[in-house]
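So the structure is just underneath, and the comments pick up after that.
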Amino acid sequence: HAQYVVLTGEAMAALEPVTAEEIKAQYDARREQFEQKEQRQASHILISVKQGANEAEKAKARKKAEEIVAQVKKRPASFAELAKKESQDPGSALKGGDLGSFSRGMMVPQFEDAVFRMQRGEIAGPVESDFGLHVIRLDAVKAGKIKPLEEVRGDIERELRKQRAARKFSEAAESFSNLAYEQPDSLQPVAEKFKLAIQDAGWVTRAQAKAAQLNNPRLLAALF
């Protein structure tokens, strides 16, 4: 029958002081990490232009794209129907041209620049990219925001504690061992110093301990 205490990185982290000023400094330094970028949802109709196309082929594709722009501006409700019929982007055509939501950096530059200049519900084009000519409709805008400090305070504090504890752990482990060795009659001194709970292992055999932390062949051999 045995009692035991366990020194862990988590236990060490709990002892590390972190001030409100340090948390705020970390928040300011890592502001981008807490930023949720503006997202936009758009639909498009793509008229492909193959690489190396001659001027006649390019002109034909542009004329087709311009005709589609005129049609959807005249009848905006026809956009999805025209996308299914005319778009040469098979993935989005089946969805009526819907590309879903995206933030900057996720689409080809020419297409993205156009989308982020548009107003919700606006139809624009033809916009030329490496894929061809796009007729675009901006469907929705979700404004970007930064998570407030109060929302991430706990995460920053835990991370700072963990970083500091990791640096001190080897030194603490040595102090932990020395104190336990110097005062072998009781676990109370080491438990108090490191704010650890004294745990009861119950009855232990040479082969097995109920407590998972003790169920290790080398530890059981040392215990016996």
Side-chain angles (χ1 to χ4, degrees), residues 13 18-51 53 58 61-163:
V18 177
T19 67
E21 291 76 15
E22 289 171 319
I23 294 170
K24 177 67 164 60
Q26 275 289 305
Y27 176 76
D28 291 338
R30 294 158 50 195
R31 208 167 177 82
E32 281 189 17
Q33 182 182 330
F34 306 118
E35 183 181 3
Q36 295 173 320
K37 294 182 178 178
E38 178 183 321
Q39 290 200 322
R40 296 198 163 206
Q41 182 177 349
S43 299
H44 81 150
I45 299 168
L46 175 68
I47 303 302
S48 296
V49 178
K50 66 183 179 182
Q51 292 293 322
K58 289 178 182 178
R62 178 162 288 278
K63 184 181 179 186
K64 176 74 172 176
E66 287 170 349
E67 287 172 355
I68 291 171
V69 171
Q71 287 181 66
V72 292
K73 283 189 173 181
K74 187 176 181 180
R75 290 181 53 239
S78 68
F79 193 101
E81 178 189 335
L82 278 168
K84 289 175 183 176
K85 181 181 175 185
E86 303 286 1
S87 182
Q88 292 166 323
D89 173 16
S92 66
L94 293 171
K95 304 173 193 173
D98 186 9
L99 292 166
S101 296
F102 51 89
S103 54
R104 278 198 176 274
M106 296 174 68
M107 297 291 185
V108 292
Q110 304 93 324
F111 179 88
E112 191 174 278
D113 287 346
V115 168
F116 278 83
R117 285 196 301 266
M118 294 169 67
Q119 301 295 315
R120 186 176 178 276
E122 183 181 347
I123 293 166
V127 172
E128 187 173 353
S129 79
D130 292 341
F131 294 101
L133 297 161
H134 306 262
V135 179
I136 307 168
R137 183 185 68 198
L138 180 60
D139 298 321
V141 177
K142 185 178 180 181
K145 66 174 184 175
I146 293 177
K147 290 181 181 179
L149 175 58
E150 287 311 310
E151 190 175 322
V152 296
R153 180 185 295 279
D155 292 336
I156 295 174
E157 183 174 356
R158 281 188 291 274
E159 192 174 323
L160 286 173
R161 288 182 189 277
K162 189 174 179 181
Q163 288 171 0

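Side chains are part of it too, since the values below use all heavy atoms of this structure and drop only hydrogens, waters and symmetry mates.
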- Determine, step by step, whether Phe102 and Val115 satisfy the side chain to side chain contact (heavy atoms under 4.5 Å, CB included) criterion, reporting the C-alpha distance in whole Å, the side-chain angles of both residues, the deciding distance to 0.1 Å, and the verdict. CA-CA 10 Å; Phe102 51 89; Val115 168; 3.9 Å; yes
Spacing of [X] atom [atom1] and [Y] atom [atom2] [to the nearest 0.5 Å]:
{"X": "Tyr27", "Y": "Glu150", "atom1": "OH", "atom2": "CD", "value": "9.5 Å"}
{"X": "Ser87", "Y": "Ile47", "atom1": "OG", "atom2": "CD1", "value": "7.0 Å"}
{"X": "Lys145", "Y": "Lys147", "atom1": "NZ", "atom2": "NZ", "value": "8.5 Å"}
{"X": "Asp89", "Y": "Leu99", "atom1": "CG", "atom2": "CG", "value": "6.5 Å"}
{"X": "Asp113", "Y": "Met118", "atom1": "CG", "atom2": "CE", "value": "12.5 Å"}
{"X": "Lys74", "Y": "Ile123", "atom1": "NZ", "atom2": "CD1", "value": "13.5 Å"}

With a 4.5 Å heavy-atom cut-off, do [X] and [Y] have their side chains touching?
{"X": "Gln36", "Y": "Lys142", "value": "no"}
{"X": "Ile23", "Y": "Val152", "value": "no"}
{"X": "Val72", "Y": "Ser78", "value": "yes"}
{"X": "Glu86", "Y": "Lys64", "value": "yes"}
{"X": "Val127", "Y": "Leu133", "value": "no"}
{"X": "Phe79", "Y": "Ile68", "value": "no"}

Considering all heavy atoms, the nearest [X]-[Y] contact:
{"X": "Val69", "Y": "Pro126", "value": "CG2-N, 3.9 Å"}
{"X": "Ala65", "Y": "Val135", "value": "O-CG2, 3.8 Å"}
{"X": "Pro76", "Y": "Arg137", "value": "O-NH1, 4.1 Å"}

- Stacked cation flag Arg104 on Phe116, 6.0 angstrom / 45 deg: yes
- Message: Tell me whether the rings of His44 and His134 are parallel (<30°), tilted (30 to 60°) or perpendicular (>60°).
- Response: parallel
- Task: Would you sort out whether Arg161 and Glu157 count as a salt bridge (Lys or Arg N to Asp or Glu O under 4.0 Å), showing the intermediate values?
- Result: CA-CA 6 Å; Arg161 288 182 189 277; Glu157 183 174 356; 2.7 Å; yes
- Task: Please report the C-alpha distance between Lys84 and Leu94 in whole Å, then the side-chain angles of each, then the deciding distance to 0.1 Å, and finally whether the side chain to side chain contact (heavy atoms under 4.5 Å, CB included) criterion is met.
- Result: CA-CA 6 Å; Lys84 289 175 183 176; Leu94 293 171; over 6 Å; no
- Please step through side chain to side chain contact (heavy atoms under 4.5 Å, CB included) for the pair Asp28 and Arg31, ending with a clear verdict. CA-CA 5 Å; Asp28 291 338; Arg31 208 167 177 82; 3.8 Å; yes
Can you tell me if [X] uses its side chain to pair, donor with acceptor, with the backbone of [Y] under 3.5 Å?
{"X": "Glu112", "Y": "Gly105", "result": "yes"}
{"X": "Arg120", "Y": "Asp139", "result": "yes"}
{"X": "Gln41", "Y": "Gly100", "result": "no"}
{"X": "Gln88", "Y": "Ser48", "result": "yes"}
{"X": "Arg75", "Y": "Ala70", "result": "no"}

- Task: Decide yes or no on side chain to side chain donor-acceptor pair (under 3.5 Å) for Thr19 and Glu22, but give the supporting numbers first.
- Result: CA-CA 5 Å; Thr19 67; Glu22 289 171 319; 3.3 Å; yes
- Query: Hey, mind stepping through Leu138 and Gln119 against side chain to side chain contact (heavy atoms under 4.5 Å, CB included) and telling me if it holds?
  - Reply: CA-CA 7 Å; Leu138 180 60; Gln119 301 295 315; 5.6 Å; no
- Exceeds 12 heavy-atom contacts within 6.0 angstrom, atom CZ of Phe131: no
- Query: Can we say Arg40 and Glu38 salt-bridge, meaning some charged N sits less than 4.0 Å from an Asp/Glu carboxylate O?
  - Reply: yes
- Step by step, would you call Gln26 with Arg30 a side chain to side chain donor-acceptor pair (under 3.5 Å)? CA-CA 6 Å; Gln26 275 289 305; Arg30 294 158 50 195; 2.9 Å; yes
